[in-house]
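Naming convention: chains lettered A, B, ... in sequence-line order (proteins, then strands); numbering from 1 in each chain.
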Amino acid sequence: AQSVSQHNHHVILSEAASLELGCNYSYGGTVNLFWYVQYPGQHLQLLLKYFSGDPLVKGIKGFEAEFIKSKFSFNLRKPSVQWSDTAEYFCAVNGGGGSQGNLIFGKGTKLSVKP
Amino acid sequence: EPEVTQTPSHQVTQMGQEVILRCVPISNHLYFYWYRQILGQKVEFLVSFYNNEISEKSEIFDDQFSVERPDGSNFTLKIRSTKLEDSAMYFCASQIGAQRQYFGPGTRLTVL
């Protein structure tokens, strides 16, 4: 079955700490991978996406993610978090090729950054 | 950046009542989606819509649900007879071609 797993439910960090949020997926065939962020009271916003090419993708606000096909993983990283990164982060996948397909989301990871 | 809008932001209804959730996708987008997120659970796909018809739907999207694009701008989700378990945040998304999906802010539906 197609699924996305985010193993960390809630991560608490101090400012300037490094961040890595895990994401593993189960999906047949080629994939497109996404990280969305939802700040408190706001809608889902795209942080970054992978369609093809360089498996290390850079997104907005200093975030990056690495697609490791052999591990079915797409972990999100940021070298130094800020208080304003407090939000919920969702990993999602859909089928590669033309990405008009529905997104399958993970359960989300809530990040709390202490000032 | 262009935005998807949704109304209302919060809808409270009695069990068994019909509700219509409204979305205005980004104007030149061609693919439209509804997702929902029950409190504390993951975002789940409901239905996708392209060329004035449903292109894909999930098991959640049963006969109680329907979608329409009545006037070329609005994209609506109707729940005919709401159940308690329909209480959730409902997100609309739109997409143009092989690009990312843009999400609206969501409508919180509370069924009493």
Of the listed Gln45(A), His43(A), Gln6(A), the one with the largest count of heavy-atom pairs under 4.5 Å with chain B is His43(A)

Within residues 84-94 of chain B, the residues sitting under 4.5 Å from chain A by heavy atom, in sequence order, are Phe91(B)

Tell me, yes or no, whether the heavy-atom count around [X] atom [atom1], taken from other residues, nucleotides or ligands under 6.0 Å, exceeds 12.
X	atom1	value
His10(B)	NE2	yes
Leu39(B)	CG	no
Asp71(B)	CG	yes
Phe72(A)	CZ	no

So, the part of Gln37(B) with a heavy atom under 4.5 Å from chain A: the answer is side chain

When the 4.5 angstrom heavy-atom criterion is applied to Tyr35(B) and chain A, the contacting part is side chain

Separation between CD (Glu44(B)) and CZ (Phe105(A)), nearest 0.5 Å, reads 11.0 Å

Output for pair (Phe45(B) CZ, Asn102(A) CG), nearest 0.5 Å, gives 4.0 Å

side-chain contact (heavy atoms from CB on, under 4.5 Å) filter on Asp54(A), not counting sequence neighbours, yields Leu56(A)

Check your understanding: Is it the case that one hydrophobic cluster holds both Phe32(B) and Val24(B), taking links as side-chain heavy atoms less than 4.5 Å apart, direct or via other members?
Key -> no

Cluster overlap Ile54(B) with Phe75(B), hydrophobic side-chain contacts below 4.5 Å: yes

Checklist entry - Does any N or O in the side chain of Gln101(B) come within less than 3.5 Å of the main-chain N or O of Leu46(A), such that one atom is a donor and the other an acceptor? => result no

Could you go through residues 80-92 of chain A and list every donor-acceptor pair under 3.5 Å that involves a side-chain atom there, pairing it with any protein atom two or more places apart or in another chain?
unit_1   : atom_1 : unit_2    : atom_2 : d
Asp85(A) : OD1    : Lys78(A)  : NZ     : 3.1
Asp85(A) : OD2    : Lys78(A)  : NZ     : 2.9
Asp85(A) : OD2    : Gln82(A)  : N      : 2.8
Thr86(A) : OG1    : Trp83(A)  : O      : 2.9
Thr86(A) : OG1    : Val113(A) : N      : 3.0
Tyr89(A) : OH     : Asp85(A)  : O      : 2.6

Quick one: side chains of residues 58-68 of chain A, donor-acceptor pairs under 3.5 Å with protein atoms, not counting sequence neighbours, listed by atom name and distance.
unit_1   : atom_1 : unit_2   : atom_2 : d
Lys58(A) : NZ     : Glu64(A) : OE1    : 2.9
Lys61(A) : NZ     : Tyr39(A) : OH     : 3.0
Glu64(A) : OE2    : Arg77(A) : NH2    : 3.4
Glu66(A) : OE1    : Arg77(A) : NH1    : 3.4
Glu66(A) : OE1    : Arg77(A) : NH2    : 3.4

